[in-house]
A.B. asks: 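This is the structure, below, for whatever I ask next.
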Amino acid sequence: MVGFLIKFLKTKRNSSRFRLPGFGLATGVTLTYLSVLVLIPLAVMVLTSATVTRHELVAILTNPRVVSAFRVTVSTSIVAALINCVFGTLVAWVHARYTYPGKRVMDALIDLPFALPTAVTGIALTALFAQSGWLGRFLIPLGVSLNYSWWGITIALVFVGMPFVIRTVEPVLDDFDKELEEAARTLGATPLQTFLRVIFPLLIPAVLTGTTLAFARCLGEYGSVVFISGNMPLKTEIVPLLIITKLEQYDYLGATVIASSMLLLSFVLLLVVNGIQWLHRRRLGMEP
Amino acid sequence: MASSASIGDGTVIRRILIAITVLFLSVFLVLPILVVIVSAFQQGMHTYWAAISEPEALDALRLTLIAAGVAVVSNTLFGLSAAWMITNYSFRGKNLLITLIDLPFTVSPVISGLIFVLLFGGRSVVGRWLIDHGIHIIFATPGIILATCFVTFPFVARELIPLMQSQGNQEEEAAYMLGANGWQIFWRVTVPKIKWGILYGVVLAAGRAVGEFGAVSVVSGHIRGMTNTLPLHIEILYNEYQFSAAFAVATLLLVFALVTLVLKRYLEYRIDRKSEAL
């Protein structure tokens, strides 16, 4: 099997150049490991969900609890992604242009949401917004009770998705050609006009990419949300938790169908990100 | 009119923007760190020490390190092999292969666990056969290792592929012309060129592997002392209202995360590379 694959792959041989040794070994290891760990398990899930009849599919996906979970997951993810879009761009701007005491430490900490285990994030945020918590003791008297609410989930997702926008926008601002904005200013544009008409249009692809990546990450997030959300069915139950609940009830088919729908959604988002980057490269003339 | 003409350089605007940034980052990044540390020591040093030295915590630590160790080693070997294949040869479907390698990043952690339950659980043909022969994968250590391998699958490969592509393979070809064999080229030419890149991928993968929660939660079965990793142990303690103990164990993972960030920074400086979104 692998031998056949290697022969097939090799057909696009660049005959003018010699080859380094190791093609067979590298191909064998790569394709075997990829298939066993990723492709076969994912294929089994997709095939399992394909055994569902249309009637069952409709019954599973229109169940009020499932509909509610999708509504909660998608709405909190959209709002969290938008909050990150605004604040992420702002942080990227400040970090690319200005300095302030402690900036280097803050900049390193921006990757914390990638590094901190989600369970730790979950209990830390819940503790912060609890009644006696550092933020909760001020917010709850004001009527802002975040724990076990829609906004609590959103706050957890803002944390989880935070690095994406900052880390995609910051490099663009660093490489930004300052002569462009100087030219705009010399030609009489106000600072606001220069920002909106010259700088922002060039940032749009990075901002969109970062926001979409954050959104995609939020959709699947589980660990940081389950502690703060309270997991009330029809209110604060998210899709990943519902999948686990279905599994624990031995409703494998239900879990699989819901998971496959989520997977489909992620693929669409992945295509959107690739599309944004392709359009951007084409606009800059890097793509035919 | 150099810098004075730059946008947002007015003192007032700059101060407002910096203030918003610092406030936002403090609430979301600094406060969670502090709250973990303070809550962990709330009931004194004694409770803290008891929480991190009880047998269940040590078992969880052991399993976490085993799963993370296996995942990092096997994904590093895979990453080297995939990067060697992709950067040194031209073949059909190369872009598809690169896309497939990134696949686990787009999959929700819960789904990453679910796929192994479907494949090896008691309901599947394969799972049934294995269980009949005494091999337990789901609700046992192998399942936890598999799920951890899956979620950290792309880290080393996606670091090495662009790095090796940008470096080119002229040196490898020169070594080949001078008579070196494949392993000699790999160990003496390629590895020295990419060693910081390998370490960078290893650090990111280890950070994620140690902290993985959703995927491991699905395959673990929550058997105390048997299939608990540190993040799962935290969840159990928290749900039993042992808050100080939960935060005490969380400090172990927090320290690991902060060390990961410092190493990541250092390696970015070594390979002269900007931080970017995963």
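In the text below, chain A, chain B and the rest are named by the order of the sequence lines, each starting its count at 1. Here the structure is a predicted model, which is why all the values come from computation and not from measurement.
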A.B. asks: Taking side chain as everything from C-beta outward and backbone as N, CA, C, O, which of these in A:Thr99 sits under 4.5 Å from a heavy atom of chain B? Side chain, backbone, both or neither.
C.D. replies: backbone

A.B. asks: What part of A:Ala259 gets within 4.5 angstrom of chain B, counting heavy atoms only: side chain, backbone, both, or neither?
C.D. replies: both

A.B. asks: Which atoms of B:Phe150 come close to chain A, meaning under 4.5 Å heavy atom to heavy atom: side chain ones, backbone ones, both, or neither?
C.D. replies: both

A.B. asks: Within the distance-only criterion (no hydrogens, no angle test), does the side chain of A:Tyr222 pair as donor or acceptor with the backbone N or O of B:Pro109 below 3.5 angstrom?
C.D. replies: no

A.B. asks: Under 4.5 Å from any heavy atom of chain A, what part of B:Asn75 do you find: side chain, backbone, both or neither?
C.D. replies: both

A.B. asks: Below 4.5 Å from any heavy atom of chain B, which atoms of A:Tyr250 appear? Answer side chain, backbone, both or neither.
C.D. replies: both

A.B. asks: Report which part of A:Leu37 has an atom under 4.5 Å of a heavy atom belonging to chain B: side chain, backbone, both, or neither.
C.D. replies: both

A.B. asks: When rounded to the nearest 0.5 angstrom, what distance separates CE in B:Met85 from OG1 in A:Thr27?
C.D. replies: 4.0 Å

A.B. asks: Using heavy-atom distances under 4.5 Å, tell me whether B:Ile185 contacts chain A through its side chain, its backbone, both, or neither.
C.D. replies: side chain

A.B. asks: For B:Leu80, is it the side chain, the backbone, both or neither that has a heavy atom under 4.5 Å from a heavy atom of chain A?
C.D. replies: neither

A.B. asks: For the candidates A:Leu112, A:Leu241, A:Leu247, A:Val44, which exhibits the highest count of non-hydrogen atom pairs separated by less than 4.5 Å from chain B?
C.D. replies: A:Leu112

A.B. asks: Please look at B:Thr251 and chain A and tell me whether the side chain, the backbone, both or neither of the residue comes under 4.5 angstrom of a heavy atom of that chain.
C.D. replies: neither

A.B. asks: Side chain, backbone, both or neither: which part of B:Ile234 has a non-hydrogen atom closer than 4.5 Å to chain A?
C.D. replies: side chain

A.B. asks: Taking side chain as everything from C-beta outward and backbone as N, CA, C, O, which of these in B:Leu261 sits under 4.5 Å from a heavy atom of chain A? Side chain, backbone, both or neither.
C.D. replies: side chain

A.B. asks: Taking B:Leu100 as the fixed residue, which of A:Leu42, A:Leu34, A:Val38 is the one that meets the side-chain contact (heavy atoms from CB on, under 4.5 Å) rule?
C.D. replies: A:Leu34

A.B. asks: Heavy-atom cut-off 4.5 Å, strictly under: side chain, backbone, both or neither for B:Leu230 against chain A?
C.D. replies: neither

A.B. asks: Quick one: closest heavy-atom pair of A:Arg104 and B:Arg265, and the distance?
C.D. replies: O-NH1, 4.3 Å

A.B. asks: Determine, stepwise, if the pair A:Leu109 / B:Ile33 fulfils side chain to side chain contact (heavy atoms under 4.5 Å, CB included).
C.D. replies: CA-CA 10 Å; A:Leu109 278 183; B:Ile33 296 177; 3.8 Å; yes

A.B. asks: Hey, mind stepping through B:Val110 and A:Met262 against side chain to side chain contact (heavy atoms under 4.5 Å, CB included) and telling me if it holds?
C.D. replies: CA-CA 11 Å; B:Val110 170; A:Met262 290 276 290; over 6 Å; no

A.B. asks: Between NE2 of A:His95 and CD1 of B:Ile18, what distance do you get to the nearest 0.5 Å?
C.D. replies: 9.0 Å

A.B. asks: Could you walk me through whether B:Phe28 and A:Phe159 pass the ring-ring contact (aromatic ring centres under 6.0 Å, His included) check?
C.D. replies: CA-CA 6 Å; B:Phe28 276 100; A:Phe159 177 88; 7.1 Å; no

A.B. asks: Among B:Leu103, B:Val262, B:Val210, B:Asn181, which residue forms the greatest number of heavy-atom pairs with chain A at distances under 4.5 Å?
C.D. replies: B:Leu103

A.B. asks: Given that the side chain runs from C-beta out, which part of B:Val30 has a heavy atom under 4.5 Å from chain A: side chain, backbone, both or neither?
C.D. replies: side chain

A.B. asks: Roughly how far, to the nearest 0.5 Å, is the CG atom of A:Asn84 from the CZ atom of B:Phe24?
C.D. replies: 5.5 Å

A.B. asks: Given the options B:Gly207, B:Cys149, B:Pro104, B:Pro231, which has more heavy-atom pairs under 4.5 Å with chain A than any of the others?
C.D. replies: B:Cys149

A.B. asks: As a quick check of understanding, evaluate side chain to side chain contact (heavy atoms under 4.5 Å, CB included) for B:Ser26 and A:Met106, giving each step before the final call.
C.D. replies: CA-CA 8 Å; B:Ser26 304; A:Met106 279 296 194; 3.6 Å; yes

A.B. asks: Tell me, for A:Thr256 versus chain B, whether the close heavy atoms (under 4.5 Å) come from the side chain, the backbone, both or neither.
C.D. replies: both

A.B. asks: Looking at chain B, which one of A:Ala43, A:Ala108, A:Gly223, A:Ala216 has the largest number of heavy-atom pairs inside 4.5 Å, strictly under?
C.D. replies: A:Ala108

A.B. asks: With rounding to the nearest 0.5 Å, note down the distance linking CD in B:Glu268 to CG in A:Asp111.
C.D. replies: 6.5 Å

A.B. asks: Heavy-atom cut-off 4.5 Å, strictly under: side chain, backbone, both or neither for A:Leu269 against chain B?
C.D. replies: neither

A.B. asks: Please state whether the side chain, the backbone, both or neither of B:Ser112 comes within less than 4.5 Å of a heavy atom of chain A.
C.D. replies: neither

